[in-house]
Each structure stands twice: as C-alpha cells, then as structure tokens.
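Working notes for the structure below.
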Amino acid sequence: MEDAPFRPELYSRLKFGCDEAAREMGHQMADAFFEKNASTILNGRCLMIPSPFNFVPNAANVMTMHLLDRLNNHIVDAKGNHVEYATVPRKISYMDDYGLLSGEERKSLIAGDRFYFNSQHFESRCLLFVDRGSPDSSSRPI
C-alpha cells in the first residue's frame with residue numbers, strides 16, 4: 001500500500017458510498033488523464049463507460065460521473081469534443097453479495113455474466129472503460 005496511487009482511506013470511503021471521496025478520486029483521475037491524453041481525446045469521439053451494474057450504481061459508476069464532469073470541463077476549456085457517457089447492460093448469473101466474495105469467487109461468477117453492446121453506437125469511437133479495480137491490483141489507472 002506504500003506505493004498506491006491513491007490514499008487508502010479515501011478508497012475505503014469511496015467503497016462505502018462517500019460521494020465526496022468519489023468526487024475527489026474522479027477529479028484526480030480526470031486531471032491526470034487529460035494531462036496525459038489531451039491530444040488523443042480533444043478531437044476524437046470518445047465514450048466513457050463505467051463498470052456495469054444492474055440497478056444501483058456502484059462506487060466505480062459514481063466516481064465515473066465525477067471523472068466525466070471534470071474531464072469534460074477540461075475539454076470544453078480546450079475547445080475540444082466532449083466525452084459522452086455510455087453504459088453496458090449486464091445480465092448477472094448470481095444473487096450473492098458480490099462485495100463479500102473473494103477475488104477468485106468474483107472471477108468465477110463474472111464468467112457467467114452476459115454483457116450487451118450496441119456496436120453501431122460504439123463504432124469509430126475511442127472507448128474509455130472505468131472500473132475501480134482493487135487496492136491490491138497490479139494494474140494502474142491512467
């Protein structure tokens with residue numbers, strides 16, 4: 001956790017539904033993403049897609065809304081094309097409390113999920129997928 005790209009206590013608050021934490025993390029991600037990728041997204045047609053959910057938006061979705069708002073503020077200031085929002089409809093194959101499962105149990109359950117894409121809507125666009133990951137994940141955002 002010493003080299004985590006976020007404050008662990010902020011991540012914990014995000015996971016428990018804190019909108020303030022979602023905003024702070026979303027804004028940090030938007031600022032870093034814009035700084036590193038402005039030339040790619042300013043003139044492109046981009047869609048931002050949060051982690052799929054069924055009925056209640058998850059932490060990654062709430063954070064994505066703040067990330068998208070902040071990123072579009074940067075893009076508008078730079079006179080670029082705004083990033084649009086899209087969702088991925090999901091049919092889940094389980095009813096367990098996902099948050100209480102181990103990583104291996106989650107992977108096993110997700111393998112049975114079905115996701116739907118409107119390929120015409122996504123065609124010729126830069127797709128920006130956002131998921132919160134896990135604090136022990138080896139992947140890094142941005």
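Only heavy atoms go into these numbers, but all of them, side chains included; no hydrogens, no water, no symmetry mates.
Each side chain to side chain donor-acceptor pair (under 3.5 Å) pair with one or both residues in residues 74-83, not counting sequence neighbours, appears once here: Asp31-His74.
Side-chain contact between Tyr85 and Met65: present, with at least one pair of heavy atoms (C-beta onward) separated by less than 4.5 Å. Within the 4.5 Å cutoff, the side chain of His66 has no heavy atoms near those of the Glu24 side chain. With a 4.5 Å cut-off on side-chain heavy atoms, Arg125 and Glu84 count as touching.
Summarising the geometry of Met63 relative to Ala22, their closest heavy-atom pair is CG-O, 3.6 Å, with the distance given to 0.1 Å. Closest non-hydrogen pair, Pro50 versus Ala86, comes out as CD-O, 3.2 Å. Residue Ala21 comes nearest to Leu14 through the heavy atom pair CB-N, 3.7 Å, listed as atom of the first residue, atom of the second, then distance.
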task = Determine, stepwise, if the pair Leu47 / His121 fulfils side chain to side chain contact (heavy atoms under 4.5 Å, CB included).
result = CA-CA 9 Å; Leu47 286 173; His121 183 64; 3.8 Å; yes
message = Under the criterion side-chain hydrogen bond (donor to acceptor under 3.5 Å, both in side chains), I'd like the reasoning laid out for Ser108 against Glu105: C-alpha separation, chi angles, the key distance, then a yes or no.
response = CA-CA 5 Å; Ser108 177; Glu105 290 170 318; over 6 Å; no
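Arg13 contributes atom CZ, which lies 10.5 Å from atom CG of Asp19 (distance to the nearest 0.5 angstrom). Separation of atoms SG (Cys126) and CG (Asn43) is listed at 12.0 Å; rounding is to 0.5 Å. In this structure, SG on Cys18 lies 11.0 Å from CE on Met25, to the nearest 0.5 angstrom.
Taking Phe129 as the reference, Ile49, Phe117, Leu127 meet the side chain to side chain contact (heavy atoms under 4.5 Å, CB included) condition, with sequence neighbours excluded. Scanning for side chain to side chain contact (heavy atoms under 4.5 Å, CB included) contacts around Met48 gives Thr64, Leu67, Leu68, Leu71, Val83, Leu128, Val130, with sequence neighbours left out.
A side-chain donor-acceptor contact under 3.5 Å links Arg106 to the backbone of Leu101.
Heavy-atom neighbours of Glu9 CD from other residues, nucleotides or ligands within 6.0 Å: above the threshold of 12.
Follow the hydrophobic side-chain contacts under 4.5 Å out from Val62 and you never reach Tyr11; the two are in separate clusters.
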